[in-house]
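Bear in mind that the values here come from a model prediction, so they are computed numbers and not experimental data.
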Amino acid sequence: MTGRRKSFYSLTFLLPAMAVYLVFFIGPNLLSLGLGFTDWSVYSMTDFGFNGLDNFRQMFAESIFKKSIANTFYFAIVTVILSNLIGFLLAVIMNAKLKLEAFYRSAFFIPTTLSFLVVGPVFNALYHPESGPINVFLRGIGLGSLAKGWLVDPDYAMNSVIVMSIWAGIGVTILLYISGLQSVPPEYYEAAEIDGCTARQKLVHVSIPLIIPSITVNLVLSLIGGLKVFGQVFVLTNGGPNDATQVFGTLIFKTFGEGLLGYSSAVGLVFTVIVCLMSFVLVYALRKLEAEY
């Protein structure tokens, strides 16, 4: 079989996957890019036209859009910091050859396999202001003043969503850090011990520099996941109360549900640009840091 025939033969296996990718990803995204500059809505399905930058002007003038930007960035930054700090510390602890290491890994990883449609109702019950186990426990130990309306109070709603998100997704972060820690050759730790390094010094000067690739992957994945937040907000608060948890994902869903197809496409376009820019900046910064080590 000639080289050209081999290439064609290999290409035939790629065509089905490429067709699905083009039809269900590239096509809709290109269509959305064009629709963002139109006044298309359910009220003018067949009669719509190009309206230039009107959707974007309206978008940046609305307070709900500005609030969704602030909420999305707040969610992303807090989840990136907390999930990576907690995940790294737990990975270090579990990498210390604990007796029930396999059990702990499974216990932290299992929640990542569950859909937010399953986890959401559980946390809705936990956060219930009257009968929720959290508030019942606080009142039972005499700390009733700390019992809050976790999902109905704008001051606590977003943080409550963040707690659920970290619980549901930290398992992957832990496993990536554990795999990075276990890839460090033991000779490095032995040399550090000979030099009289403490456990903290070995962690800071040996472990962390050598697992920069794991740190890079975790930071990028958690940032993208944080910016793309939708499911956990949708099942817990649907953007409420009073738009306190409104994020890009729920705003797009809300405007699309209202029939503003062109406007929701414009919001989606801005969202895509922001995610791409933030991801590029983070990857560039981490690559520079990795090069220094």
- Message: Just verifying a value: how many Å separate His128 NE2 and Trp150 CH2, rounded to the nearest 0.5 Å?
- Response: 14.5 Å
- side-chain contact (heavy atoms from CB on, under 4.5 Å) evaluation trace for Thr112 with Phe109: CA-CA 6 Å; Thr112 66; Phe109 185 76; 3.5 Å; yes
- Query: In the single-linkage hydrophobic clustering (I, L, V, M, F, W, Y; side-chain heavy atoms under 4.5 Å), do Val270 and Val281 co-cluster?
  - Reply: no
- Query: Does Arg139 have any side chain to side chain donor-acceptor pair (under 3.5 Å) partners at least two apart in sequence or in another chain, and if so, which?
  - Reply: none
- Note on the structure: In terms of heavy-atom contacts, Val275 and Ser279 come closest through O-OG, 2.8 Å
- Side chain of Thr245, backbone of Gly240: donor and acceptor closer than 3.5 Å? yes
- Item | Asn124 side-chain N/O to Val235 backbone N/O, donor-acceptor pair under 3.5 Å | yes
- Is the backbone N or O of Val247 less than 3.5 Å from a side-chain atom of Asn71, with the two atoms forming a donor-acceptor pair by type? no
- Message: Listing request: all ring pair (Phe, Tyr, Trp, His ring centres under 6.0 Å) pairs with a residue in residues 213-245, at least two apart in sequence or in separate chains.
- Response: Phe230-Phe234, Phe230-Phe253, Phe234-Phe253
Check residues 219-229 and write down every donor-acceptor pair under 3.5 Å in which the side-chain atom is one partner and the other belongs to a residue at least two apart or another chain.
| from | atom 1 | to | atom 2 | distance (Å) |
| --- | --- | --- | --- | --- |
| Ser222 | OG | Asn84 | ND2 | 3.2 |
| Ser222 | OG | Asn218 | O | 2.7 |
| Ser222 | OG | Leu219 | O | 3.1 |

- Query: ring pair (Phe, Tyr, Trp, His ring centres under 6.0 Å): which pairs involve residues 269-291, sequence neighbours left out?
  - Reply: Phe248-Phe271
- Note: with side-chain heavy atoms under 4.5 Å as the link, the other cluster members for Leu22 come out as Tyr21, Phe25, Ile26, Leu30
- Message: Do Thr216 and Val283 make a side-chain contact, defined as non-hydrogen atoms from C-beta onward lying under 4.5 Å apart?
- Response: no
- Note on the structure: Those residues at least two apart in sequence (or on a different chain) that pass side chain to side chain donor-acceptor pair (under 3.5 Å) with Tyr74 are Asn159
- Item | Spatial distance of atom CG (Leu126) from atom CG (Leu151) [nearest 0.5 Å] | 10.0 Å
- Given a cutoff of under 4.5 Å between side-chain heavy atoms of I, L, V, M, F, W and Y, with clusters grown through shared members, what are the other residues clustered with Val152? none
- Would a distance-only check, ignoring hydrogens and angles, find a side-chain to backbone donor-acceptor pair under 3.5 Å from Ser179 to Leu176? yes
- Query: Residues sharing Val20's hydrophobic cluster, by side-chain heavy-atom contacts under 4.5 Å among ILVMFWY, directly or via others?
  - Reply: Val23, Phe24
- Item | side-chain contact (heavy atoms from CB on, under 4.5 Å) evaluation trace for Ile174 with Tyr104 | CA-CA 10 Å; Ile174 293 172; Tyr104 293 132; over 6 Å; no
- Message: Quick check: Trp167 with Phe123 (ring centres under 6.0 Å apart)?
- Response: yes
- Item | Flag side-chain contact, heavy atom, 4.5 Å: Asp54 against Asp39 | no
- Item | Test side-chain contact (heavy atoms from CB on, under 4.5 Å) applied to Ile212 and Ile215, step by step | CA-CA 5 Å; Ile212 290 295; Ile215 295 174; 4.2 Å; yes
- Query: Is the backbone N or O of Gln246 less than 3.5 Å from a side-chain atom of Thr250, with the two atoms forming a donor-acceptor pair by type?
  - Reply: no
- Query: What's the verdict on side-chain contact (heavy atoms from CB on, under 4.5 Å) for Val267 and Phe256, showing C-alpha distance, side-chain angles and the deciding distance?
  - Reply: CA-CA 10 Å; Val267 177; Phe256 186 84; over 6 Å; no
- Query: Can you tell me how far OG of Ser265 sits from CD1 of Ile252, rounded to the nearest 0.5 angstrom?
  - Reply: 9.0 Å
- Can you tell me if Tyr127 uses its side chain to pair, donor with acceptor, with the backbone of Ser160 under 3.5 Å? yes
- Message: Keeping Ser32 on the side-chain end and Pro28 on the backbone end, is there a donor-acceptor pair under 3.5 Å?
- Response: no
- Under the 3.5 angstrom rule, does the side chain of Asp153 hit a backbone N or O of Asp155 as a donor-acceptor pair? yes
- Task: Answer whether the closest heavy-atom distance between the side chains of Val92 and Leu203 falls below 4.5 Å.
- Result: yes
- Sequence-distant partners of Glu62, side chain to side chain donor-acceptor pair (under 3.5 Å), two or more places apart: Gln58, Tyr263
- Message: In this structure, would Leu138 and Val136 fall into the same cluster of hydrophobic residues linked by side-chain contacts under 4.5 Å?
- Response: no
- Task: Verify, without hydrogens or angle tests, whether Asn55 (side chain) and Thr38 (backbone) share a donor-acceptor contact under 3.5 angstrom.
- Result: yes
- Item | Residues that Lys202 engages under salt bridge (Lys or Arg N to Asp or Glu O under 4.0 Å), provided they are two or more places apart | Glu193
- Query: Got a sec, which pairs hit ring pair (Phe, Tyr, Trp, His ring centres under 6.0 Å) with one end in residues 170-215, sequence neighbours left out?
  - Reply: Phe88-Tyr177
- Query: Who else is in the cluster with Val204 when I, L, V, M, F, W and Y are joined by side-chain contacts under 4.5 Å?
  - Reply: none
- Message: With a 4.5 Å cut-off on side-chain heavy-atom distances among I, L, V, M, F, W and Y, is there a chain of contacts connecting Ile81 to Phe73?
- Response: no
- Could you tell me whether the side chain of Asn135 and the main chain of Pro129 form a donor-acceptor pair under 3.5 Å? yes
